[in-house]
Protein chains: 2
Amino acid sequence: MRLTAFTDYCLRALIFVALKGDEPATIDEIAEHHRINRNHLVKVVFRLGQLGYLHTSRGKGGGIRLADHPAKLSLGKLVRQTERDFALVECFQEHDCQCVIEPACVLKGALRTALAAFLEVLDKYTLADLVRPSRNLARLLAVPAA
Amino acid sequence: MRLTAFTDYCLRALIFVALKGDEPATIDEIAEHHRINRNHLVKVVFRLGQLGYLHTSRGKGGGIRLADHPAKLSLGKLVRQTERDFALVECFQEHDCQCVIEPACVLKGALRTALAAFLEVLDKYTLADLVRPSRNLARLLAVPAA
DNA sequence: TATAACATATATATTAAATATATGTTCAAT
DNA sequence: ATTGAACATATATTTAATATATATGTTATA
């Protein structure tokens, strides 16, 4: 059971942008400081922009800013949007369920409950929680703390 | 976020074997009734034997039996063993963690807590719970209920 | 001794994910 | 106006994981 690297990179990008506060961040900057392949971040920033988490501005002096306060960004909500799906087992995808016992299956319910518990925990966290150790994070990323 | 089909097939195989009660099941039988590729089940049964969940006997008249009562088989324990890993993000694998902010990362803890909540729910279920609707399951699988 | 049934390894195909490349658009500074 | 910084978007390639297939061996019983 894994999350995609894409989700992971989304979170790291957001942590960086949040640490910079009002000053805009750029893709190149995130790539360099987090040591993440630039191409990944191009996709990540694009998607986070589409989802409304980032305000992006093009052109010289442009860059990326958070659309809202870090405390307003729920981890659970974000993960739900960046993961492709949460199809723990085949039958979670109503279309294309080939499982013979699906109509009497208890397992499906058990896994749904477990998944709900997983996401509920993440719902309790915000981006603000993630950047709480801002001094240490800033040092690790070699950025001036906001 | 997904479980592997392997884990899914393990569970379905166990449900079948549990439904047959004392009578041994065979790989061919499970494949036919569950409509799962026989090759998958060869691996699944082999592994479940290794893990001690199944007693297998070779030769004519051989087959598969549960090693213990269904109520003794914990879903959480099983899933922990059949999933390759639970490396939600890179840093979960202590070796080979490239993440720059790992030492000050709050996310890691959040995900660990969420994962624990997920598995805790599964710990509450046993194979006996899964075969509770035995009449219906037997009908769907076209097996005589035990 | 023939056959049913599991044991085990390995090879191939498919799919998803990760990585790379390419081109376009916008904006501001000069 | 022109240049270049920076995001926008699509697509292609590579890699890795998963699913599927094949092959051969071992055991036990009729």
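Hydrogens, waters and symmetry mates are skipped; everything else that's a heavy atom, side chains included, is used. Residue numbers start from 1 in every chain, and the chains themselves are labelled A, B, ... in the order their sequence lines are given, proteins ahead of strands. All of these numbers come straight from a predicted model, not from anything done at the bench.
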>> Whether B:T26 contacts C:dA4 is assessed here as follows: a side-chain N or O lying under 4.0 Å from the phosphate OP1 or OP2. Is that the case?
In response: no
> Can you check the A:I27 CD1 to D:dA8 C1' distance for me, whole Å?
Replying inline: 9 Å
> Considering heavy-atom distances to DNA chain C, does A:K60 or A:A5 have its closest nucleotide positioned more toward the 5' end?
Replying inline: A:A5
> Rounded to whole angstroms, how far apart are CZ on A:R58 and P on D:dA6?
Replying inline: 14 Å
> Between B:H55 and B:R65, is there a donor-acceptor pair closer than 3.5 Å when you use the side chain of the first and the backbone of the second?
Replying inline: no
> Atom CD of A:E90 and atom C1' of D:dT18: how far apart are they, to the nearest Å?
Replying inline: 14 Å
> Distance check: side-chain N/O of B:T56 vs OP1/OP2 of C:dA7, anything under 4.0 Å?
Replying inline: yes
>> Rounded to whole Å, how long is the line connecting atom CG of A:D85 with atom P of C:dA16?
In response: 10 Å
>> Taking the nucleotide of DNA chain C with the nearest heavy atom to each, does A:N37 or B:G59 sit closer to the 5' end?
In response: B:G59
>> In this structure, how many angstroms lie between the C1' atom of C:dT12 and the CG atom of B:N39, rounded?
In response: 12 Å
>> With a 4.5 Å cut-off on side-chain heavy atoms, are A:N39 and A:K43 touching?
In response: no
> So, B:R80 and B:D123, do they make that salt bridge, N to O below 4.0 Å?
Replying inline: yes
> Atom CZ of B:R35 and atom P of D:dT20: how far apart are they, to the nearest Å?
Replying inline: 16 Å
>> Counting only heavy atoms and a strict 4.0 angstrom limit, can you tell me which residues of residues 40-51 of chain B come near DNA chain D?
In response: B:H40, B:K43
> How many Å lie between CZ on A:R2 and C1' on C:dA16, as a whole number?
Replying inline: 13 Å
> Tell me, do A:R47 and A:V44 make a side-chain contact under 4.5 Å, heavy atoms counted?
Replying inline: no
> A:L78 pairs by side-chain contact (heavy atoms from CB on, under 4.5 Å) with which of A:T126, A:T7, A:L11, A:L127?
Replying inline: A:L11
Under 3.5 Å, which donor-acceptor pairs do the side chains of residues 99-115 of chain B form with other protein atoms, sequence neighbours left out?
from	atom 1	to	atom 2	distance (Å)
B:E102	OE2	B:K108	NZ	2.8
B:T113	OG1	B:G109	O	2.8

> Is the shortest heavy-atom distance from the side chain of B:L88 to the side chain of A:R2 under 4.5 Å?
Replying inline: no
> In whole angstroms, how far is the C1' atom of C:dA18 from the CZ atom of A:F6?
Replying inline: 12 Å
> Between C:dA16, D:dA19, D:dC7, which one does the side chain of A:R84 approach most closely?
Replying inline: C:dA16
